[in-house]
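Quick notes on the structure that follows.
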Amino acid sequence: MKKLLFFLSLLTAISCVNAQSVSILGDSYSTFEGYVQPSTNEMWYYEENGNKTDVNDVTDTWWWQVINEGGFKLCQNNSYSGSTIGYKGYDGNDYSARSFLTRMDDLGCPDILFIFGATNDSWAGEPVGEYKYEGWTKADFYTFRPAMAYMLYHIKRRYPNVHIYFLLNNELREDITSSCIEICRHYQIPCIQLQDIDKINGHPSVKGMKSISQQILKRLKEDKVID
């Protein structure tokens with residue numbers, strides 16, 4: 001019996017070591033208190049106090065469900081509530097300190113990377129700008145298309161041999177949605193266009209989180225990332 005228990009423990013340890021790791025670069029949709037690095041990032045979802053939806057347990061989040069059901073392990077979740085991909089935020093304020101561009105080098109060493117953004121760019125009214133795929137300047141990053149393009153360009157170079165997915169929220173501005181699809185196509189990064197997300201105060205509910213995770217897992221199976 002002891003030998004059997006030891007063997008089972010060894011198999012579990014080997015399975016854990018071999019599990020693919022997942023990192024997330026996101027906004028409020030991917031936050032949860034105590035599970036985000038760095039911990040100074042602003043949260044939306046909390047375990048007890050301050051919740052504005054019915055999501056109050058980490059197991060309710062889309063990313064926890066994807067990791068659990070996909071047999072993955074969490075590498076790093078660098079999500080920041082209210083963050084934009086570009087530098088222009090709400091009321092025209094400079095959001096460069098919390099932007100995706102500023103945080104995209106701090107994602108650990110994942111096998112799979114989920115980028116879930118563009119929601120605040122849409123909500124904040126960030127100018128869409130022009131498509132630009134080279135020669136970027138800092139001024140370009142105050143409009144959406146150049147910022148989005150540079151992010152994907154840089155991430156592909158920063159994280160080679162990583163499965164990268166862009167998760168696209170529903171109910172965004174048409175110009176933001178079409179821009180995400182076009183720029184992902186240009187860089188050959190899969191764009192998962194999410195649908196039918198139940199929301200409370202504009203954010204996924206428990207039901208909405210489940211819908212997101214199911215759509216992602218379906219795509220991972222189609223791409224044979226998981227069985």
Side-chain angles (χ1 to χ4, degrees), residues 9-48 50-51 53-83 85 98-100 102-117 119 151-152 154-156 158-169 189-192 194 197 203-206 208-221 223-227:
S9 297
L10 182 61
L11 284 179
T12 301
I14 292 173
S15 176
C16 182
V17 169
N18 291 335
Q20 295 187 88
S21 62
V22 169
S23 286
I24 303 106
L25 177 62
D27 53 31
S28 58
Y29 277 39
S30 305
T31 62
F32 196 88
E33 182 184 25
Y35 289 84
V36 170
Q37 294 176 294
S39 60
T40 51
N41 288 3
E42 291 185 14
M43 300 294 108
W44 175 274
Y45 292 102
Y46 294 86
E47 188 168 358
E48 294 182 359
N51 290 325
T53 72
D54 57 353
V55 175
N56 54 23
D57 190 290
V58 69
T59 62
D60 294 330
T61 62
W62 70 265
W63 53 266
W64 192 96
Q65 294 172 36
V66 168
I67 289 170
N68 182 57
E69 295 181 37
F72 307 130
K73 57 185 177 182
L74 178 62
C75 178
Q76 183 168 347
N77 182 353
N78 190 335
S79 296
Y80 199 125
S81 182
S83 61
I85 292 174
R98 68 176 65 188
S99 78
F100 282 54
T102 301
R103 295 180 289 117
M104 63 185 177
D105 285 340
D106 190 13
L107 300 173
C109 298
D111 298 300
I112 302 170
L113 172 58
F114 294 115
I115 307 168
F116 200 167
T119 297
M151 177 183 70
L152 297 189
H154 181 82
I155 281 178
K156 285 196 71 171
R158 175 77 174 179
Y159 303 96
N161 300 316
V162 172
H163 293 288
I164 303 168
Y165 287 89
F166 187 84
L167 309 180
L168 180 56
N169 193 10
I189 289 177
C191 178
I192 302 178
L194 300 168
I197 305 173
H203 289 70
S205 63
V206 170
M209 289 289 191
K210 185 65 175 178
S211 176
I212 293 171
S213 69
Q214 289 176 335
Q215 292 176 65
I216 295 170
L217 288 165
K218 180 176 182 291
R219 180 59 183 268
L220 294 179
K221 290 177 182 177
D223 291 349
K224 302 188 184 307
V225 176
I226 58 176
D227 297 327

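Note that this is a predicted model, so its numbers are computed, not measured.
- Residues satisfying the ring pair (Phe, Tyr, Trp, His ring centres under 6.0 Å) test with Trp62, not counting sequence neighbours, are Phe114, Phe116.
- Using a 3.5 Å distance cut-off with no hydrogens or angles, the side chains of Asp223 and Tyr165 do pair a donor with an acceptor.
- The residues Lys221 and Glu69 are annotated as not salt-bridged, no charged nitrogen and carboxylate oxygen being separated by less than 4.0 angstrom.
- Nearest heavy atom pair, residue Gly117 against residue Phe166, reads O-CZ, 3.6 Å.
- Side-chain N or O atoms of Ser21 include none that pairs as donor or acceptor with a backbone N or O of Cys75 at under 3.5 Å.
- Considering only residues two or more places apart in sequence or on other chains, Gln76 meets the side chain to side chain contact (heavy atoms under 4.5 Å, CB included) condition with Ser23, Gln37, Asn78, Asp106.
- Looking only at side-chain heavy atoms (C-beta outward), Leu152 and Ile115 come within less than 4.5 Å of each other.
- Scanning both residues, Pro110 and Leu113, for their nearest heavy atoms gives CG-CB, 4.5 Å.
- Atom CD of Gln215 sits about 5.0 Å away from atom CG of Leu194, to the nearest 0.5 Å.
- Expressed to the nearest 0.5 Å, how far CZ of Phe32 lies from CH2 of Trp44 amounts to 14.0 Å.
- With a 6.0 Å radius and a threshold of 12 heavy atoms from other residues, nucleotides or ligands, Phe72 has its CZ atom above the threshold.
- Scanning all heavy atoms of the two residues, the minimum distance from Ser79 to Met43 falls at O-CE, 4.4 Å.
- Between Ala19 and Lys73, the shortest heavy-atom contact is O-CE, 3.3 Å.
- Listed by chain and residue number, nothing satisfies the ring pair (Phe, Tyr, Trp, His ring centres under 6.0 Å) test with Tyr80 (two or more places apart in sequence, or in another chain).
- Side-chain contact between Gln65 and Ile216: absent, with no pair of heavy atoms (C-beta onward) separated by less than 4.5 Å.
- The shortest distance between side-chain heavy atoms of Ile155 and Ile189 does not fall below 4.5 Å.
- Between Asp54 atom CG and Asn56 atom CG the span is 7.5 Å, to the nearest 0.5 Å.
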Requested in this report: Determine, step by step, whether Leu217 and Val66 satisfy the side-chain contact (heavy atoms from CB on, under 4.5 Å) criterion, reporting the C-alpha distance in whole Å, the side-chain angles of both residues, the deciding distance to 0.1 Å, and the verdict.
Outcome: CA-CA 6 Å; Leu217 288 165; Val66 168; 4.3 Å; yes

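- The closest side-chain heavy-atom distance from Leu74 to Ile24 is below 4.5 Å.
- The main-chain N or O of Asp27 is never found under 3.5 Å from a side-chain atom of Arg98 such that the two would form a donor-acceptor pair.
- Note that the CG atom of Asn77 and the OG1 atom of Thr61 stand 8.0 Å from one another [nearest 0.5 Å].
- In this structure, the side chain of Trp63 engages the main chain of Ser30 through a donor-acceptor pair within 3.5 Å.
- The closest donor-acceptor contact from the side chain of Asp60 to the backbone of Met209 lies at 3.5 Å or more, if one exists at all.
- Within the 4.5 Å cutoff, side-chain heavy atoms of Gln20 are placed close to those of Val225.
- The minimum heavy-atom distance linking Ile85 with Ser99 is given by the pair O-CB, 3.8 Å.
- The main-chain N or O of Asp105 is found under 3.5 Å from a side-chain atom of Arg158 such that the two form a donor-acceptor pair.
- Ring geometry, His203 versus Tyr45: the interplanar angle exceeds 60°, so the pair is classed perpendicular (tilted spans 30 to 60°).
- Contact check for Trp64 versus Asp57: no side-chain heavy atoms found under the 4.5 Å cut-off.
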